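Labels below follow one simple rule: chain letters A, B, ... track the order of the sequence lines, proteins then strands, and each chain is numbered from 1. Values in this document were obtained by computation on a predicted structure and should not be read as measured data. Excluded from the calculations below are hydrogen atoms, water molecules and symmetry mates; all remaining heavy atoms, backbone and side chain alike, are included.
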There are 2 protein chains.
Amino acid sequence: MEIEKIREEIANKGLKVTPQRVAILEAIYSLNNHPTAENIADHIKESQPNIAIGTIYKVLDALVEHNIIKKVTTEAGKMRYDGFTEHHHHLYCIECDLIEDYIDEELNELLKNHFNKKRIKGFHIKNFAVQVNGTFDKC
Amino acid sequence: MEIEKIREEIANKGLKVTPQRVAILEAIYSLNNHPTAENIADHIKESQPNIAIGTIYKVLDALVEHNIIKKVTTEAGKMRYDGFTEHHHHLYCIECDLIEDYIDEELNELLKNHFNKKRIKGFHIKNFAVQVNGTFDKC
DNA sequence: TTGTAAAGGAGAATCATTCTTATTTAATAA
DNA sequence: TTATTAAATAAGAATGATTCTCCTTTACAA
Ligand SMILES: [Mn+2]
Ligand SMILES: [Mn+2]
Ligand SMILES: [Zn+2]
Ligand SMILES: [Zn+2]
């Protein structure tokens, strides 16, 4: 995604467009694989050599807060960040820490129907996701 | 579950039966709601007033390693522990940190069939779970 | 009962994340 | 364009869950 689009995306949410925010969001989009805060720091260190790690966390929080990105939890304990905000699922590699998007509209329908039919007493569903664990051939 | 059953469960995995291990596993079973290490520490502090927090973590690791319990990750960052090891899903309260078991054999079948039919190229599925987020009426 | 590998206690260390405070800056309006 | 100011950043200290180290204790097999 071009820088101008990124600037617009930030501005449209009423956030100030700062070089740090642009660099971080660009990093998430171009890394494109659920990076950690540290991965992002590494990726932007040429363009933002003096950025504070605390700033990265604060920017990430702001982006999550405004639904520009999503937070992804893993077994490993470190938070990961996701630039793809449509409803989707994840493939988790149990050998390395790779997380790949898994988009499956048929699965979404299947689950939506299932949960519509089978109400859970005492619980109101907001959303759901399938975590698929396994191994990639490439790993 | 009676203490003797717990001692057997530990011994059967080739682990030494120590009062600390028995107390921790008993705590997980009787708390029965995906406690944190700290929840467990609180629960056993009368019977094990001198247990080191590091011991709790080491015992939990050993129990997970031997498939007596399972680790559950959450958004909140703290690890939770689950004494129910059969394949099941979880209901996550987005208001408090409550996690309830969600057992749905029909859902398991649905997903198993779906993933059998729809192979994911380059990925070999080991297992999967549905994370259901929402709110409990009681919260 | 003894020997020994395994387990526990105490507390320091780690490390991802958050917090604090002073300084800088993006956006707005004069 | 410049001045104003609320919001954002830098630096680094603090936090807190978890892990590690080292020494002592214990479960259990012989
Ligand atoms: Mn994703
Ligand atoms: Mn459970
Ligand atoms: Zn992998
Ligand atoms: Zn709740």
Side-chain angles (χ1 to χ4, degrees), chain A residues 3-4 6-27 34-45 47-66 68-69 71-81 97, chain B residues 3-4 6-27 34-42 44-45 47-66 68-81 97:
Chain A
I3 295 298
E4 201 42 49
I6 289 175
R7 299 179 61 87
E8 273 174 35
E9 202 176 0
I10 295 169
N12 287 342
K13 300 289 181 160
L15 292 173
K16 284 190 184 174
V17 178
T18 66
Q20 292 88 342
R21 284 173 172 171
V22 173
I24 288 168
L25 190 48
E26 192 280 329
H34 312 88
T36 63
E38 200 190 349
N39 296 150
I40 294 166
D42 288 345
H43 189 262
I44 65 178
K45 68 164 171 288
S47 72
Q48 296 292 324
N50 298 318
I51 193 170
I53 186 71
T55 298
I56 293 176
Y57 282 103
K58 214 146 16 120
V59 167
L60 289 170
D61 279 353
L63 297 177
V64 169
E65 195 67 27
H66 290 78
I68 300 172
I69 63 174
K71 235 176 176 169
V72 179
T73 28
T74 70
E75 315 289 309
K78 291 189 196 175
M79 287 295 172
R80 311 268 295 250
Y81 296 88
D97 282 331
Chain B
I3 295 298
E4 201 43 48
I6 289 174
R7 300 179 61 87
E8 272 173 35
E9 203 178 358
I10 295 169
N12 288 342
K13 301 286 183 160
L15 292 172
K16 284 189 185 176
V17 179
T18 66
Q20 292 88 344
R21 283 174 173 171
V22 173
I24 288 168
L25 190 48
E26 193 279 330
H34 312 88
T36 63
E38 201 190 349
N39 295 151
I40 294 165
D42 288 346
I44 66 179
K45 68 166 171 288
S47 72
Q48 297 291 324
N50 299 317
I51 194 168
I53 186 72
T55 298
I56 294 176
Y57 282 103
K58 217 152 10 127
V59 167
L60 289 169
D61 279 353
L63 297 177
V64 169
E65 194 68 27
H66 290 80
I68 299 173
I69 63 174
K70 290 199 297 188
K71 236 176 176 169
V72 179
T73 29
T74 71
E75 316 288 310
K78 291 190 197 175
M79 286 296 172
R80 311 270 294 252
Y81 297 87
D97 282 331

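If you take CG of Asn39(A) and P of dT17(C), they are 11 Å apart, rounded to a whole angstrom. Leu60(A) places its CG atom 13 Å from the C1' atom of dT18(C), with the value rounded to the nearest Å. Rounded to a whole Å, the CD atom of Gln48(B) is 9 Å from the P atom of dG8(C). We find that CD of Gln20(A) is positioned 9 Å from P of dT25(C), with the value rounded to whole Å. If you take CG of Leu15(B) and P of dA5(C), they are 18 Å apart, rounded to a whole angstrom. Between Met79(A) atom CE and dC15(C) atom P the separation is 18 Å, expressed in whole Å. In this structure, Ile56(A) places its CD1 atom 13 Å from P of dT18(C), rounding to the nearest Å.
By the 4.5 Å heavy-atom criterion applied to side chains, Val59(A) and Leu25(A) are not counted as neighbours. Arg7(B) places none of its side-chain heavy atoms less than 4.5 Å from the side chain of Arg21(B). Here the side chains of Ile10(B) and Val22(B) are in contact, with some heavy-atom distance below 4.5 Å. When side chains are defined from C-beta on, Arg80(B) does not count as touching Lys71(B), because their heavy atoms never get closer than 4.5 Å. Looking at heavy atoms from C-beta onward, Asp61(A) lies out of side-chain contact with Val64(A) at the 4.5 angstrom threshold.
Within the structure, every side-chain polar atom (N or O) of Tyr57(A) is placed at least 4.0 Å from both OP1 and OP2 of dT18(C).
Between atom OH of residue Tyr81(B) and atom CD1 of residue Ile69(B) there is a gap of 7.0 Å, rounded to the nearest 0.5 Å.
Ion pair Lys13(B)/Glu65(B) not flagged as a salt bridge, since none of the NZ, NE, NH1 or NH2 atoms sits closer than 4.0 Å to an Asp/Glu carboxylate oxygen.
Comparing Gly54(B) and Thr18(B) by the nucleotide of DNA chain D that holds the closest heavy atom to each, the one mapping nearer the 5' end is Gly54(B). Residues Asn50(B) and Arg21(B) each lie close to DNA chain C; by heavy-atom proximity, the contact nearer the 5' end of the strand is made by Arg21(B). Sequence order on DNA chain C of the closest nucleotides to Lys71(A) and Val17(A) puts Lys71(A) first from the 5' end. Of the residues near DNA chain D, Ala52(A) and Glu38(B), the one whose nearest nucleotide (by heavy atom distance) lies more toward the 5' end is Ala52(A).
Note on Lys78(A): only backbone sugar-phosphate atoms sit closer than 4.0 angstrom, heavy atoms only; bases stay farther off. Residue contacts shown for Thr55(A) include a base, since a base heavy atom lies under 4.0 Å away.
The outermost nucleotides of DNA chain D lying under 4.0 Å from heavy atoms of chain B, listed 5' to 3', are dA17(D) to dC28(D).
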